[in-house]
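Since the model is a prediction, treat every value here as computed from it, not as a measurement.
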Amino acid sequence: MAQSAKTVFTHPDDIARLDRLVAELAVNARVRVHLVGGGSVEGTVAVTPTVQSFRDEEGTEGTNGVVRLEKPDATVWLGDMARVEHLDSVVKGSSRA
């Protein structure tokens, strides 16, 4: 059974957007994540996230994912992200778990 998420995505364009965000989130990268509703969260990517299957509150199965940031500890849903700003030179492919 799929885990639960507040929001899931089923449209191919939305899933492609999540995949593009994952490509920006290499392990050990220091990033500022800008959120869809405004605001941002800064931290170091603990593990490169993946898109996964979830069910929303209505039982609809779709896609979303989370990224865990360290320093400070925070977990952010990929679907809540507007964009990723890199604060260092770590990019995908240079240091990935």
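- Counting only residues at least two apart or in different chains, salt bridge (charged side-chain N to carboxylate O under 4.0 Å, His left out) contacts with residues 4-14 are absent.
- Taken to the nearest 0.5 Å, the CZ atom of R30 stands 6.0 Å off from the CG atom of L87.
- For residues 58-80, the ring-ring contact (aromatic ring centres under 6.0 Å, His included) pairs, not counting sequence neighbours, are F54-W77.
- Considering V66, V67, V41 in turn, V66 is the only one that fulfils the side-chain contact (heavy atoms from CB on, under 4.5 Å) rule with T75.
- Interatomic distance, D80 CG to T7 OG1, rounded to the nearest 0.5 Å: 6.5 Å.
- Using a 4.0 Å cut-off between charged side-chain N and carboxylate O, E42 and K71 make no salt bridge.
- Residues forming a side-chain hydrogen bond (donor to acceptor under 3.5 Å, both in side chains) with R68 (at least two apart in sequence, or on another chain): none.
- The nearest pair of heavy atoms linking V31 to H86 is CG1-ND1, 4.0 Å.
- Remark: the T50 side chain and the Q52 side chain contain an N/O donor-acceptor pair separated by less than 3.5 Å.
- Between T60 and V8, the shortest heavy-atom contact is O-CG2, 3.7 Å.
- In this structure, the side-chain hydrogen bond (donor to acceptor under 3.5 Å, both in side chains) partners of E85, at least two apart in sequence or on a different chain, are R32, H34.
- Across all their heavy atoms, D56 and E58 have their closest contact at OD1-N, 3.0 Å.
- If you run side-chain contact (heavy atoms from CB on, under 4.5 Å) between L69 and each of L25, V33, T44, only V33 comes through.
- Taking 4.5 Å as the limit, some side-chain heavy atom of V76 sits within range of a side-chain heavy atom of L35.
- For D73, the side chain to side chain contact (heavy atoms under 4.5 Å, CB included) partners at least two apart in sequence or on another chain are E70.
- Every side chain to side chain contact (heavy atoms under 4.5 Å, CB included) that T63 has, sequence neighbours left out, goes to I15, L18, V51.
- Rounding to the nearest 0.5 Å places CD of E24 at 12.5 Å from CG of D19.
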